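For reference, the structure discussed in these notes is given below.
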Amino acid sequence: MALKQFKVLIKGPHLPQRLLNNVDQQFTTYRLWEAADPEALLREVGPDIDAILTSGNPQMGASAGLIARLPNLKVICSNGVGYDAIDIAAAKARGIVVTNTPTVLNSCVADLGMALLLNIARRINEADRYTRAGNWQSQGRFAPATKPGGKVCGILGLGSIGRELARRAEAFDMDIHYYNPRSRPQVPWTRHDSLLSLAQQSDFLVLTLPGGAETHHLVNAEVLQALGAKGYLINIARGSVVDEQALIAALDSGTIAGAALDVFEHEPSVPAALLQRDNVVVTPHIASSTDETMQAMADLVFENLLAFSQGEKVLTRVC
Ligand code: 8YV
């Protein structure tokens, strides 16, 4: 098929400009979110769409409803490793290929996870505010924080990102524990048979598992209770994995010591109760957001789309 005959529906604006430029140059593209009447656009061009370009961002993905509107859809190419916002069952039912961007973002996501752990442990954001407010002069030394070295870093989900996180935590002299549905015999870390057991023994519980129905609210009030009053929760996975109201209640009651969060249940909306606390660090879903990794992800998405459009094997296939 001539490249320009290959029609791509771009789901939303949360995509690197580099990727948008490449796709616009090679294919015929339609920007669903820019359409004055998206429904009219889907009626007009939906039958001819070959591909959806989207991302792992919870606001993007590809719903079963959208997939159903595109009878000629052949491939969904996503910018991101997580594909919980894409209806995989609907895609599989139609034999639609889905691609994502694993591996290229592992180190950046793990870097942010370690940075969030160090930040909440050493209360860096709080110390920054303390200093800027002139409190060092007026109130004296900033109160001591917590030493990560020698503490237990509990990793929920020992996939490729979880293993990168473990390597970083080991470099800070932390004791690595993990819970994963499948044990990883080749790793020298302590495996737990349940999330509750992991939470009970963790000082820092880091979430690196996929989002989706199977992990929805996996971290609930019981798990937070097990993490305990000296425990910290770090989430670089998906907001959906944590019962956010239970987390707020646990912070209110001192059930846990604090939290550092890069993802949220209803992002970009973040509950005010999480923004008004010194013992909560928040970042706006930036774990993979470095120039280098954004470029690598954008190029991988484009290579997948180009390969598919040329009848070649895609590089990183989900289904
Ligand atoms: C992506 C992510 O950058 O990879 C994922 O699943 O959540 C992020 O790393 C984001 O989905 C792109 O918008």
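Keep in mind that the numbers below use all heavy atoms, side chains included, and drop hydrogens, waters and symmetry copies. In this text, all values refer to a predicted model and were calculated from it rather than measured experimentally. Counting starts at 1 for both ligands and their atoms, in listed order.
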query = Hey, are E267 and R238 close enough for a salt bridge, meaning a charged N less than 4.0 Å from a carboxylate O?
reply = no

message = For D50 and S309: C-alpha separation, side-chain torsions, deciding distance, then whether side-chain hydrogen bond (donor to acceptor under 3.5 Å, both in side chains) applies.
response = CA-CA 9 Å; D50 299 292; S309 71; over 6 Å; no

Side-chain (R94) to main-chain (I67) donor-acceptor, under 3.5 angstrom = yes

key: N100 backbone acceptor or donor facing T316 side chain under 3.5 Å   = yes

Any protein N or O within less than 3.5 Å of an N or O in ligand 1? List each pair with its distance, or say none.
unit_1: ligand 1; atom_1: 3 (O); unit_2: S288; atom_2: OG; d: 2.6
unit_1: ligand 1; atom_1: 4 (O); unit_2: V81; atom_2: N; d: 2.7
unit_1: ligand 1; atom_1: 6 (O); unit_2: V81; atom_2: N; d: 3.4
unit_1: ligand 1; atom_1: 6 (O); unit_2: G82; atom_2: N; d: 2.8
unit_1: ligand 1; atom_1: 6 (O); unit_2: R238; atom_2: NH2; d: 2.7
unit_1: ligand 1; atom_1: 7 (O); unit_2: R238; atom_2: NH1; d: 2.8
unit_1: ligand 1; atom_1: 7 (O); unit_2: R238; atom_2: NH2; d: 3.3
unit_1: ligand 1; atom_1: 7 (O); unit_2: H285; atom_2: NE2; d: 2.7
unit_1: ligand 1; atom_1: 9 (O); unit_2: S288; atom_2: OG; d: 2.8
unit_1: ligand 1; atom_1: 11 (O); unit_2: N57; atom_2: N; d: 3.0
unit_1: ligand 1; atom_1: 13 (O); unit_2: S55; atom_2: OG; d: 3.3

inquiry  = For a quick check under 3.5 Å, do N106 and S160 share a side-chain donor-acceptor pair by atom type?
reply    = yes

task = Could you tell me whether a side-chain N or O of T215 sits under 3.5 Å from a main-chain N or O of L218, the two making a donor and an acceptor?
result = no

